[in-house]
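Accompanying notes for the structure given below.
These values consider heavy atoms only, across backbone and side chains, with no hydrogens, waters or symmetry-generated copies.
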Amino acid sequence: MSDNEASVIPSQTFVECGQCKGNVNISWFCKNCPCSLCDTCATAHKTNHPYKSHTVVPRTYTVLRLYGPAKLAEQCQIHPEKEISSHCNDCGIPCCVTCMVNDHKRHDFSTIEDKYLDAEKGLNKYYRQLDTDIRPTLEKMEEQARADVKEDDSHVEKVINDINDFRKDVVQNFNTACDDLIVQVQSFSSKTNEGLKEIETSLKNLELIKKEIEEKIARGNFDIIKYTPPKMDTLVPKLKCPSKVVPIFQPCRNLLDLMKKPVGIIQSKEMRKDEIKSRNVTSIRSVHVQKCYYFKSKIDVTSMTKAGINMAWVMDCFSPILYLYNNMGKIVRSLTVEGSLGINDMAITKSGETIVTCGDNKVRRVSVGGEVSMLIDTVPFYCNGVCLTDKEEIVVCMRGEGDQNHVAVYSPDGRSKLREIRGRDGQGKHLITSPNRVVQNVQDLCVVNYSENVVCVDERDNVRWLYDGKEARLGNSFGPCCICVDQYKNVLVTDWNNSCVHYIDREGELIQVIMTVEQIGLQYHWGICVDDVTGHVWVGNSSGYVAIAKYLK
């Protein structure tokens with residue numbers, strides 16, 4: 001292959017299919033394109049125009065070295081005339097034929113092709129885990145850190161306001177004290193003013209007396225004999241402040257010294273758990289299961305829905321009849337959904353109407369009086385689980401052909417489809433693959449991929465977390481069937497394969513495995529619901545048995 005040919009081969013940071021851009025089962029290589037292919041695209045590549053004439057071969061190191069981006073050294077460093085063909089697993093180094101004969105007798109070898117592809121596979125797995133494991137953790141940490149910063153900023157703002165209020169009180173009290181002193185000083189000036197006014201009054205009286213005397217003399221009659229002028233000593237006022245007194249201000253030195261000191265101290269306070277309002281993770285980290293009751297229903301229990309205190313609807317995907325049981329195992333009411341072969345799931349509106357899915361292409365509404373009507377036509381998809389949001393939007397699990405499975409959200413009247421939920425991860429890949437049941441938890445939607453995993457998505461269809469049951473370390477593979485949410489906003493998922501319930505917090509972390517065979521005497525768990533008033537959990541299985549248990553913090 002020439003340098004020009006090599007230069008057109010795109011470099012890859014990780015192995016992906018050249019057509020669908022997936023990174024699973026990349027086992028083939030097209031020499032003509034050239035690009036790597038997954039199993040599905042390789043089959044299509046061999047049969048579809050215009051690729052029929054292309055050469056699609058197993059993806060090996062030799063093929064990649066000739067046509068793709070493999071860059072391993074080709075010549076042995078010890079024997080340059082020999083080409084590297086093997087890898088010594090005991091010594092951990094690449095070898096040529098001469099090295100194998102002389103220096104690595106009886107050692108364990110792998111072909112350089114297998115070693116390269118194994119290493120590449122490991123790096124690709126690590127690469128994917130960066131987005132599936134590390135990125136969600138870091139994003140959760142970032143989200144929590146931002147919430148903490150916002151919360152801290154609100155506390156800082158409150159403390160600053162408290163300091164300013166304290167400043168206003170201190171300044172106001174200080175100004176009041178100074179105003180009182182000024183009033184006292186002004187009283188000295190008022191006394192002096194009173195003496196001045198009295199003197200001025202005496203001078204005016206003096207002028208009046210002089211004028212009166214002048215008039216009497218001018219008239220020249222005998223009235224002057226009868227006139228007796230005021231005594232001289234009465235003309236000069238006797239002032240109240242005969243001596244000079246001036247005010248002197250002496251500041252309170254203790255107050256001045258006190259004001260030089262800090263007017264307060266800032267301390268840190270550790271918040272109690274009940275004070276932390278912005279946290280999403282529940283404080284429950286362990287529970288104790290207490291068995292309460294155990295009865296046999298008339299039908300197999302493939303789904304359950306809470307219906308008031310101490311009551312639950314029981315349904316079977318092969319029976320058109322729903323039964324309402326109380327916690328003593330007595331039938332309170334039955335309901336037949338005409339036109340259906342069986343009931344997959346149901347949700348109850350605030351007005352008491354029932355929304356049911358029956359495994360076909362229709363979502364039905366059942367009135368309080370039992371009248372059945374078609375609400376949503378979901379052709380070409382089949383309906384599985386259903387739930388209602390806080391706004392009473394209708395959320396339906398859709399199953400179709402190929403990779404078209406998704407969760408659809410409809411308006412409360414069922415007339416318009418508002419959005420589709422597919423669960424996009426960091427790479428844009430859809431993680432909702434086989435939706436069986438769905439439930440709302442606060443503003444998130446938690447979706448059970450049947451016998452695979454549980455995916456939690458936010459309102460923008462971004463994956464918040466994915467739970468695959470591995471953390472529980474049980475004997476069999478995780479087999480999730482149904483899901484519900486309790487009063488603590490924790491998630492409960494039935495595991496048919498391991499006959500238990502996985503109790504998960506809102507962040508997707510396992511709290512505890514509960515409702516085991518040893519705890520409630522039930523196998524092959526399927527339907528589940530929680531009475532969030534009494535705290536009882538109803539668990540049913542495909543044999544028609546129901547266990548009602550309570551878990552205690």
Side-chain angles (χ1 to χ4, degrees), residues 287-337 340-348 352-358 366 368-370 385-387 436-437 439 448 479-487 490-496 498-503 513-552:
V287 293
H288 170 68
V289 176
Q290 183 182 41
K291 183 178 177 181
C292 296
Y293 199 77
Y294 182 21
F295 67 87
K296 179 76 166 62
S297 69
K298 293 190 67 173
I299 57 176
D300 296 341
V301 184
T302 59
S303 191
M304 304 177 76
T305 299
K306 180 190 72 170
I309 301 175
N310 293 324
M311 290 190 294
W313 283 101
V314 173
M315 62 209 80
D316 178 12
C317 60
F318 297 105
S319 173
I321 305 176
L322 300 88
Y323 292 94
L324 179 63
Y325 282 92
N326 62 21
N327 63 337
M328 301 304 295
K330 303 297 183 181
I331 297 177
V332 178
R333 181 189 175 194
S334 64
L335 177 65
T336 301
V337 180
S340 68
L341 298 177
I343 310 300
N344 272 13
D345 200 8
M346 69 177 293
I348 303 173
E353 292 183 323
T354 302
I355 309 297
V356 297
T357 56
C358 305
V366 183
V368 178
V386 63
C387 77
N436 187 60
R437 293 292 183 270
V439 67
V448 172
C481 295
C482 293
I483 188 171
C484 65
V485 175
D486 69 1
Q487 65 269 35
N490 293 330
V491 179
L492 292 90
V493 182
T494 55
D495 183 351
W496 188 88
N498 294 284
S499 297
C500 65
V501 172
H502 295 244
Y503 190 43
V513 173
I514 61 176
M515 309 296 168
T516 62
V517 177
E518 293 77 12
Q519 292 173 337
I520 63 174
L522 193 72
Q523 287 184 313
Y524 309 116
H525 302 37
W526 203 286
I528 188 171
C529 67
V530 174
D531 188 333
D532 52 16
V533 177
T534 63
H536 289 91
V537 184
W538 296 52
V539 180
N541 68 5
S542 55
S543 297
Y545 289 95
V546 177
I548 305 176
K550 185 174 184 179
Y551 58 87
L552 308 173

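T494 contributes a side-chain N or O that, together with a main-chain N or O of W526, makes up a donor-acceptor pair within less than 3.5 Å. Listed for the S499 side chain is a donor-acceptor partner under 3.5 Å among the backbone atoms of Y524. Side-chain N or O atoms of T302 include one that pairs as donor or acceptor with a backbone N or O of C317 at under 3.5 Å. When atom types are taken as modelled, the side chain of K306 and the backbone of W538 share no donor-acceptor pair closer than 3.5 angstrom. The backbone N or O of C481 sits less than 3.5 Å from a side-chain atom of N436, completing a donor-acceptor pair. Side chain of N326 to main chain of G329: a donor-acceptor pair is present (N/O by atom type, distance under 3.5 Å, no hydrogens or angles). Checked by atom type and distance alone, the side chain of S297 pairs as donor or acceptor with a backbone atom of G544 at under 3.5 Å.
Checking D345 against S303 by side-chain atom types alone, a donor-acceptor pair falls below 3.5 Å. Residues D531 and H536 bring no donor and acceptor atom of their side chains to less than 3.5 Å of each other. Checking Y503 against N490 by side-chain atom types alone, a donor-acceptor pair falls below 3.5 Å.
Shown here is Y545, whose OH atom has no more than 12 heavy atoms of other residues, nucleotides or ligands within 6.0 Å. Around atom OH of Y294, more than 12 heavy atoms belonging to other residues, nucleotides or ligands sit under 6.0 Å away. A 6.0 Å sphere centred on CD1 of I331 holds more than 12 heavy atoms belonging to other residues, nucleotides or ligands. Residue K296 places its NZ atom among more than 12 non-hydrogen atoms of other residues, nucleotides or ligands, all under 6.0 Å distant.
Residues T534 and K550 have side chains not in contact (no heavy-atom distance under 4.5 Å, counting atoms from C-beta outward). The closest side-chain heavy-atom distance from V546 to Y293 is not below 4.5 Å. Y551 is listed as a side-chain neighbour of M515, based on a closest heavy-atom distance under 4.5 Å. Residues R437 and V493 have side chains not in contact (no heavy-atom distance under 4.5 Å, counting atoms from C-beta outward). Looking at heavy atoms from C-beta onward, V537 lies in side-chain contact with L492 at the 4.5 angstrom threshold. Residues N541 and H525 fail the side-chain proximity criterion, which asks for heavy atoms closer than 4.5 Å. Counting only heavy atoms from C-beta outward, the side chains of V530 and Q487 approach each other to under 4.5 Å. Side-chain atoms of T305 and M315, non-hydrogen and from C-beta on, do get closer than 4.5 Å to each other.
Here the shortest heavy-atom pairing between C482 and G527 reads SG-CA, 4.0 Å. Minimum interatomic distance between A549 and I520 (heavy atoms only, all atoms of both residues): CB-CG2, 3.9 Å. A pairwise comparison of heavy atoms in K298 and Y325 identifies N-OH, 2.8 Å as the closest pair. Of all heavy-atom pairs spanning G479 and D495, the tightest one is N-OD1, 2.9 Å. Nearest heavy atom pair, residue I299 against residue S319, reads CG2-OG, 4.0 Å. Contact record, S543 with D300: C-OD1, 3.6 Å, taken as the closest heavy-atom pair.
For the atom pair CD1 (I348) and CD1 (I355), the distance works out to 10.5 Å, reported to the nearest 0.5 Å. The line from CD1 of I321 to OG1 of T336 is 4.5 Å long, rounded to the nearest 0.5 Å. The distance from atom CD1 of I343 to atom CG of L322, rounded to the nearest 0.5 Å, is 5.0 Å.
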Side chain to side chain contact (heavy atoms under 4.5 Å, CB included) between W313 and R333, worked out: CA-CA 9 Å; W313 283 101; R333 181 189 175 194; 4.0 Å; yes

